[in-house]
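Values below: all heavy atoms of this structure, side chains included; hydrogens, waters and symmetry mates excluded. In this text the structure is predicted, and so the values were computed from the model without any measurement.
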Amino acid sequence: MTEAPRAALALIDCNNFYVSCERVFDPRLRGVPVGVLSNNDGCFIARSEELKALGVRMGTPAFQVRDLIRRHRVRVLSSNYALYGSMSARVNAVLAGFSPAAEAYSIDETFLDLAGVAGRDLRPLCQDLRATVLRWTGIPTCVGVGPSKTLAKLANAAAKADPALGGVCDLTEPQARAAVLAPFPAAKVWGVGPATAAKLAALGITTAAELRDLDPKQARALGTVVLERLVWELRGLACLDLDLVAPPRKGLAVTRSFGRPVTALAEALEAVAAHATRAAEKLRAHGLVAGRLSAFAHTAPHRPGPQHHAARATGLVPMTADTRDLVAAAGRCLAAAWRDGFAYAKAGVVLEDLCPPEAAPRTLFDAPRSGSERLMAAVDRLNVRFGRGTVFPAAAGVERAWAQRAAHRSPRYTTRLDELPIARA
């Protein structure tokens, strides 16, 4: 009688992902402090190990550490989400060769089911996985393995924290789990928020091992069924399945900060038209239509001066993914909510009540625009072939003086033909 394969979930986490993507195409960034800024070149959202060593924390505004940036010659880059999304897809394509059961948990994290890998020691397999991803994509990773998602996540954190583990931590065996859980802070366990951590600390539970040993009934009373599941997961019982099929989207948003304060309605209308155009592209890419749209613009709460949040919503009847319909609805909403005399810092469009076109309710008098699907499909094909923004509604503007800053963005090496890297002999 053959032995059933033991449960083994692996979490592959790309190290300092945004920085690593930049270093793949610019070797000059290796070994020096590098930071990637949020939209509008505001705060640090990714830091190299060298920058972390200088004491720059996640979310630190760039202007607060200007002297440090100058003194240590920190390379500061604007976020390049087109590049990061493309590189994430490449990493996941490599991982698919190691297991057909995968869940892309975030842009830089993927769960793999390794239970079906028979006759192989998991640690050499994970080292082979790391080496293959690095060789084929240039992205360094760490791998955590455990019989549950929570233990895989915890193992990954241990692999990152201890260089002696060589980037891989396997907690499928009870002895290894006991050694790692004993010193691991309960507050850093995946799923434990600050409020729950405070409740646990009041009970004297400060380590993952102590959380594992908490009575499940007491855990449920303390933090609902979520904390109870966490206790079972720490004991090696998988309560969270892999999401092999992405759940249907319930909503979609496109929001951007302005490159400078906007005080004129005309500029803000251009911005929401551009955001509605992008939202429509995303909607069609997912094969959905929307039944509700809201548009907003708000001032910056941390800046001195009068504050205002302008927002309105409207139903879309019939439900639609037509750019023209969404741009018109967004303009009406913002115009109705707008108030003069404020310096707005951000605007956005939110789509809700999403469903496939065939599931949309039929209306008696409001028929969809004739030829809408064919026209939108033609627009999307042109923008795919010649680059996003090749065809767009005039309402979205041409000059776009309101557009957010990205003064230090690297080329979109993998998604734009005109920005391909050039090799010189």
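- For the atom pair OG1 (T110) and CG (N92), the distance works out to 3.5 Å, reported to the nearest 0.5 Å.
- The stretch residues 151-160 participates, sequence neighbours left out, in these side chain to side chain donor-acceptor pair (under 3.5 Å) pairs: D13-K160, E109-K153.
- Evaluation of the side chain to side chain donor-acceptor pair (under 3.5 Å) rule for R28 yields D26 as partners, not counting sequence neighbours.
- Judged by the 6.0 Å distance and 45° axis criteria, R229 is not positioned over the aromatic ring of W232.
- Between the side chain of T299 and the backbone N or O of Q307, no donor-acceptor pair lies under 3.5 Å.
- Listed for the E173 side chain is no donor-acceptor partner under 3.5 Å among the backbone atoms of L171.
- Closest non-hydrogen pair, G341 versus P306, comes out as O-CG, 4.3 Å.
- The distance from atom CG of L29 to atom OG of S48, rounded to the nearest 0.5 Å, is 9.0 Å.
- Counting only distance, with no hydrogens or angles, the side chain of T255 and the backbone of A347 share no donor-acceptor pair below 3.5 Å.
- By the 4.5 Å heavy-atom criterion applied to side chains, V143 and L129 are counted as neighbours.
- With sequence neighbours excluded, the residues that form a ring-ring contact (aromatic ring centres under 6.0 Å, His included) with F296 are H298, H309.
- Checked by atom type and distance alone, the side chain of Q127 never pairs as donor or acceptor with a backbone atom of L122 at under 3.5 Å.
- A distance-only check finds a donor-acceptor pair linking the side chain of S20 to the backbone of N16 [under 3.5 Å].
- With a 6.0 Å radius and a threshold of 12 heavy atoms from other residues, nucleotides or ligands, E358 has its CD atom above the threshold.
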Walk me through whether M87 and F25 qualify under side chain to side chain contact (heavy atoms under 4.5 Å, CB included). CA-CA 11 Å; M87 293 301 291; F25 297 96; 4.0 Å; yes
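- Atoms CZ and OG, from R75 and S410 in turn, are 10.5 Å apart once rounded to the nearest 0.5 Å.
- A 6.0 Å sphere centred on CD of E419 holds more than 12 heavy atoms belonging to other residues, nucleotides or ligands.
- Contact check for L252 versus L354: side-chain heavy atoms found under the 4.5 Å cut-off.
- Of all heavy-atom pairs spanning I69 and A62, the tightest one is CD1-O, 4.0 Å.
- Taking a 6.0 Å sphere around CZ of R400, one finds it holds more than 12 heavy atoms contributed by other residues, nucleotides or ligands.
- Under a 3.5 Å cut-off, the side chain of S86 and the backbone N or O of L83 do not form any donor-acceptor pair.
- Judged by distance alone, the side chain of R177 and the main-chain N or O of T172 form a donor-acceptor pair under 3.5 Å.
- Between Y84 and Y18, the angle of the ring planes stays under 30°, which puts this pair in the parallel group of the 30/60° scheme.
- Taking CD of E50 as the start and CG of L54 as the end, the distance is 8.5 Å to the nearest 0.5 Å.
- In this structure a side-chain-to-backbone donor-acceptor pair under 3.5 Å is missing from E233 to S148.
- Taking a 6.0 Å sphere around CZ of R388, one finds it holds 12 or fewer heavy atoms contributed by other residues, nucleotides or ligands.
- Between the side chain of R220 and the backbone N or O of L227 there is no donor-acceptor pair closer than 3.5 Å.
- In terms of heavy atoms, V32 sits closest to R23 at O-NH2, 2.9 Å.
- Contact annotation: the side chain of P356 never approaches that of V289 to less than 4.5 Å [non-hydrogen atoms, C-beta and beyond].
- Side-chain contact check for F258 versus K346: every heavy-atom pair is 4.5 Å or farther apart.
- When all heavy atoms of K282 and A253 are compared, the pair lying nearest together is NZ-O, 4.2 Å.
- For R73, there are no salt bridge (Lys or Arg N to Asp or Glu O under 4.0 Å) partners, not counting sequence neighbours.
- Pairing each heavy atom of V145 with each of A8, the nearest pair is CG1-CB, 4.2 Å.
- For the pair V168 and C142, the minimum side-chain heavy-atom distance is 4.5 Å or more.
- Among pairs with a residue in residues 318-338, those fulfilling side chain to side chain donor-acceptor pair (under 3.5 Å) read R284-T323, T320-D325, D322-R324, D322-S372, D325-R369, W338-D340, at least two apart in sequence or across chains.
- Judged by the 6.0 Å distance and 45° axis criteria, K149 is positioned over the aromatic ring of F111.
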Can you list the steps and then say if V56 with K52 is a side chain to side chain contact (heavy atoms under 4.5 Å, CB included)? CA-CA 5 Å; V56 176; K52 293 176 185 178; over 6 Å; no
Side chain to side chain contact (heavy atoms under 4.5 Å, CB included) between L181 and L151, intermediate numbers included: CA-CA 9 Å; L181 265 63; L151 285 171; 4.0 Å; yes
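- Contact check for L234 versus T150: side-chain heavy atoms found under the 4.5 Å cut-off.
- Scanning both residues, T277 and P393, for their nearest heavy atoms gives OG1-CG, 3.3 Å.
- Remark: C239 SG to L237 CG distance equals 4.5 Å, nearest 0.5 Å.
- For R135, the CZ atom is densely surrounded, since the number of other residues' heavy atoms within 6.0 Å is greater than 12.
- Here the CZ atom belonging to F98 is positioned 7.5 Å from the CG atom belonging to L95, to the nearest 0.5 angstrom.
- Using a 30° and 60° split on the angle between ring planes, F342 and H308 fall in the parallel class, below 30°.
- Between I139 and V24 the shortest side-chain heavy-atom distance falls below 4.5 Å.
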Show your reasoning for whether side chain to side chain contact (heavy atoms under 4.5 Å, CB included) applies to L316 and R292. CA-CA 5 Å; L316 300 170; R292 182 177 175 82; 5.8 Å; no
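- Annotation: side chain of L326 is not in contact with side chain of V349 (no heavy-atom distance under 4.5 Å).
- For residues 256-269, the side chain to side chain donor-acceptor pair (under 3.5 Å) pairs, not counting sequence neighbours, are R260-E267.
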